[in-house]
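Below is one structure, written out as structure tokens; the observations come after it.
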4 protein chains.
Amino acid sequence: MTDIAEKPHGRGPVRAKGQETAGRVRKAALKRFAAAGYAAVSMREIAADVGVRPGALYNHFPTKQDILKDLMLSHMAELLSAWDEADFPDGMDPLERFVRFHIRHHLERADEVFISYMELRSLEPENFALIEAERRRYESILTGILEDGAAKGRYSIDEPKVATRAIIAMLTGIPNWYRTGGRLSERNIEDLYLTMVRKAVAPLATREPAALNDTQKVPAL
Amino acid sequence: MTDIAEKPHGRGPVRAKGQETAGRVRKAALKRFAAAGYAAVSMREIAADVGVRPGALYNHFPTKQDILKDLMLSHMAELLSAWDEADFPDGMDPLERFVRFHIRHHLERADEVFISYMELRSLEPENFALIEAERRRYESILTGILEDGAAKGRYSIDEPKVATRAIIAMLTGIPNWYRTGGRLSERNIEDLYLTMVRKAVAPLATREPAALNDTQKVPAL
Amino acid sequence: MTDIAEKPHGRGPVRAKGQETAGRVRKAALKRFAAAGYAAVSMREIAADVGVRPGALYNHFPTKQDILKDLMLSHMAELLSAWDEADFPDGMDPLERFVRFHIRHHLERADEVFISYMELRSLEPENFALIEAERRRYESILTGILEDGAAKGRYSIDEPKVATRAIIAMLTGIPNWYRTGGRLSERNIEDLYLTMVRKAVAPLATREPAALNDTQKVPAL
Amino acid sequence: MTDIAEKPHGRGPVRAKGQETAGRVRKAALKRFAAAGYAAVSMREIAADVGVRPGALYNHFPTKQDILKDLMLSHMAELLSAWDEADFPDGMDPLERFVRFHIRHHLERADEVFISYMELRSLEPENFALIEAERRRYESILTGILEDGAAKGRYSIDEPKVATRAIIAMLTGIPNWYRTGGRLSERNIEDLYLTMVRKAVAPLATREPAALNDTQKVPAL
DNA sequence: AATGAATGAGGATTCATTCAT
DNA sequence: AATGAATGAATCCTCATTCAT
């Protein structure tokens, strides 16, 4: 939305680097796919955002589907490489690492995240398989942390895969409602969610007998 | 809930043909909207599912948008009235009530839930306002439970609205991956999530040692 | 081109029988495919000829390709059934029958003929197979006549299939240049070609030994 | 024969690169025009065949139409000059000469022939006139032979122009079905067709009165 | 001589919707 | 309540061509 305003005007190519156009297409498509959904966005709209005629888009992406695939693949690649390079204090608990990383990364990329979770259904089967593989790789990071912690007795988790999904759903839901500039800072959110996650997987120790009784009492229901 | 659907008939129960069609339209639209997204579904597809020509749909719903609005409004109405009528053992902890209710209701209505959370963006502003009001009413039930429990010192929650969203996101994410007939029963899921939710809002550490023991007692599951 | 002028005007369906529209589409497509070739004709042009918006064509033919297929299949069906029903004087020589029939039929249907021979390449493989089978059925009629006559010693033909093609090519080429209303009547054309065909397959008898010798003498060349 | 193709180069034989490209364009266009028709072939396809981007074609031919015009004009020029230079045994009958020449030339140039007869309709009027003039020149060769032979009493032809077209259509149809390597050699084909042509224009003399009578007897029909 | 990016027009087809029957 | 035919606008994408580099 920023550089778009600087698009060269007049007819014909102004030699303003075609390279840039592909990037502007990505940016415009991202915004629109996130806002309205892949199917509801037309190539015309994207072209208009970019400041180009619809046909020109096809110099950069062979089909609309390829734009989506490109966005999703590069999001997953970035997510995984960002995790590899994440810089946290040495002694930090892996679960804290993951929670803070995930929230931070996802709050900065609300649109990419949303698309990546919502538009899986808009992918043609071949592309779906590509993306799905990446998603599993990411989820397995958290599953590994949980299993590891459970093995060491630090967490109490019966089903690490279920817990992985529960936690990721919880964290990934944040950008749905969180708006920067509000009462809560990103750091506040991180802390709040970290607390909830930690407690959710914490060993019960000697602490909450009453609650459990409740649960067990629940009969047929 | 479209007015058309309510058109009363004076001819006795035999004359249910039109009613039936409207119902079949709702059912077909629900499936397709959930699977592909509102924008990606055509009236022709719905008509084909129903076994009718596209024009006939307009005898039952004035526009495609009205089908969506109908589905979402009736889902929310049903959700709220189901909560009002939910039948739980008398002494049950309200949070447990809510968690079990929500999971149960949503697992039975995966498509409605999904549409209701995803297709808000496809609603025209007027319809959006209608639905959004209902959603807030539902969320406020959980917020109320949390605030109440916090006031009584049973939970430790700094931000009840944040917690509300975190919990609802976590629970609502279940139908995204849960499949009946797998290793985990619905009841298992309820128990697992209930445990996580309870712990997530539990007062910390030294405060409720008893509770923890209870949780650990939860056996095989 | 005639009834088209009578197309009902004004917006919306004038209930002037949709049935008729399909026929008008066929007629317009025929003219245009013959004149410019399948690939060079747009659905918009056909629609304009018919007096309808492009989308309306799709109520009658699922694709442009189906219009072509329809034209070619019905031409071949008509050709074969016309042959079956052709009414010639009882004692007429079968070859004369065929030549007169072919010329007559094809002069009346210059466009269909042209399309049927030229647009085979525009058919998708499945449709091509359908049409090609019909074409072979028709050619086999002439081959049968030639083989029969040769067996009876009335014709001298070394390669009945080659002769079939030679004759059909010769006859089918007529509409390429012949224009009614010129110096030569259709009847003249029939007679001229019949004479040439007859002579082409006639036994050489004892009459033109020189000619044949010539041919045989031709050496390497 | 586009002017561009004739652009002389002063740099010696090494600098034949551009020339080569133009030739490759001609060759690719020829194949594709023959196979699919002018209208169905895109400049992009031609460029891909040549191994070049579409824009580069315009260094060699100003428009797509000019490629077609070039192919057709050069085919006709080659045909006429090949006739002038054809080397046949001295005493050979002119009709045999023509038939053998035409078959030979056309079997070697199936694509050019096909285009030249089929894509006349794709020519803009100005280009059409150019080509049509050449075609008439070629046809007049055969007409001359027939008229000459008729004058000398060697042939019996009522309408030399009709006969010209009949014969050319017959001969030109060969590449439509003939495939080298089959049962019949090119030489066999020449002989078969020559026989048919000769007989078709042969004087009836005293030899086949019956046949003629047959024709004449045919009444109204 | 070739590229890469663009244009503007147009390709076939689909869409939600209308309406006479 | 349903149909069949239509509309008008929009869909994705392809086209021939241009032109700065």
Side-chain angles (χ1 to χ4, degrees), chain A residues 8 10-22 39 41-47 50-65, chain B residues 15 17-22 39 41-47 50-65, chain C residues 8 10-22 39-47 50-65, chain D residues 4 15 17-22 39 41-47 50-65:
Chain A
R11 184 201 157 238
V14 191
R15 186 74 307 201
K17 263 163 196 160
Q19 195 71 351
E20 278 173 26
T21 301
V41 173
S42 76
M43 293 296 265
R44 281 155 149 82
E45 289 166 332
I46 296 171
V50 171
V52 117
R53 303 296 160 135
L57 298 179
Y58 293 85
N59 287 324
H60 304 282
F61 297 89
T63 68
K64 184 184 167 189
Q65 170 81 194
Chain B
R15 196 67 205 84
K17 179 110 163 292
Q19 287 287 2
E20 274 173 33
T21 300
V41 173
S42 74
M43 293 296 267
R44 280 158 159 83
E45 288 167 330
I46 296 170
V50 171
V52 115
R53 303 295 161 133
L57 299 179
Y58 292 84
N59 287 322
H60 304 283
F61 297 89
T63 69
K64 184 184 169 189
Q65 171 80 197
Chain C
R11 185 200 157 242
V14 190
R15 185 76 307 200
K17 263 163 197 161
Q19 195 72 352
E20 278 172 26
T21 301
V41 174
S42 75
M43 292 296 266
R44 282 156 150 84
E45 288 166 333
I46 296 171
V50 171
V52 116
R53 303 297 161 136
L57 299 179
Y58 292 84
N59 288 324
H60 305 283
F61 297 89
T63 67
K64 183 184 168 190
Q65 170 82 195
Chain D
I4 286 179
R15 196 67 205 83
K17 179 110 165 293
Q19 288 285 4
E20 274 173 33
T21 300
V41 174
S42 74
M43 292 296 266
R44 281 158 158 83
E45 288 167 330
I46 297 171
V50 171
V52 115
R53 303 295 161 134
L57 299 179
Y58 292 85
N59 288 323
H60 305 282
F61 296 88
T63 69
K64 183 183 168 189
Q65 171 79 198

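The figures here come from the full heavy-atom set of this structure, side chains too, leaving out hydrogens, waters and symmetry mates. Keep in mind that what you see is a predicted model, and the values were worked out from it rather than measured.
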#### Entry: Where M43(B) and L57(B) come nearest, the two heavy atoms and their spacing
O-CD1, 3.3 Å
### Query
Mind checking what makes side chain to side chain donor-acceptor pair (under 3.5 Å) contact with E45(B), not counting sequence neighbours?
none
### Task
Answer yes or no: does a side-chain N or O of H60(B) lie under 4.0 Å from OP1 or OP2 of dA2(F)?
yes
### Query
Under a 3.5 Å cut-off on both pairing distances, which runs of 3 or more consecutive Watson-Crick or G-U pairs involve DNA chain E?
E:2-21 with F:2-21
### Task
Let me know the distance between CG of L57(D) and C1' of dG4(E), rounded to the nearest Å.
14 Å
### Query
In whole angstrom, what separates I46(D)'s CD1 from dC15(F)'s C1'?
12 Å
### Query
Using a cut-off of 4.0 Å between protein heavy atoms and nucleotide atoms, how would you tag nucleotides 11-17 of chain E 5' to 3' with B, S and -?
BBBBBBB
#### Entry: Closest heavy-atom pair and its distance - R53(A), A47(A)
C-CB, 3.9 Å
## Note on the structure
With sequence neighbours left out, the residues meeting side chain to side chain donor-acceptor pair (under 3.5 Å) with S42(C) are none
### Task
Ignoring backbone atoms, establish whether R53(B) has a side-chain N or O less than 4.0 Å from OP1 or OP2 of dG4(F).
yes
### Task
Provide, to the nearest angstrom, the distance between the CG atom belonging to N59(B) and the P atom belonging to dT3(F).
9 Å
#### Entry: Interatomic distance, F61(B) CZ vs dT18(E) P [rounded to whole Å]
16 Å
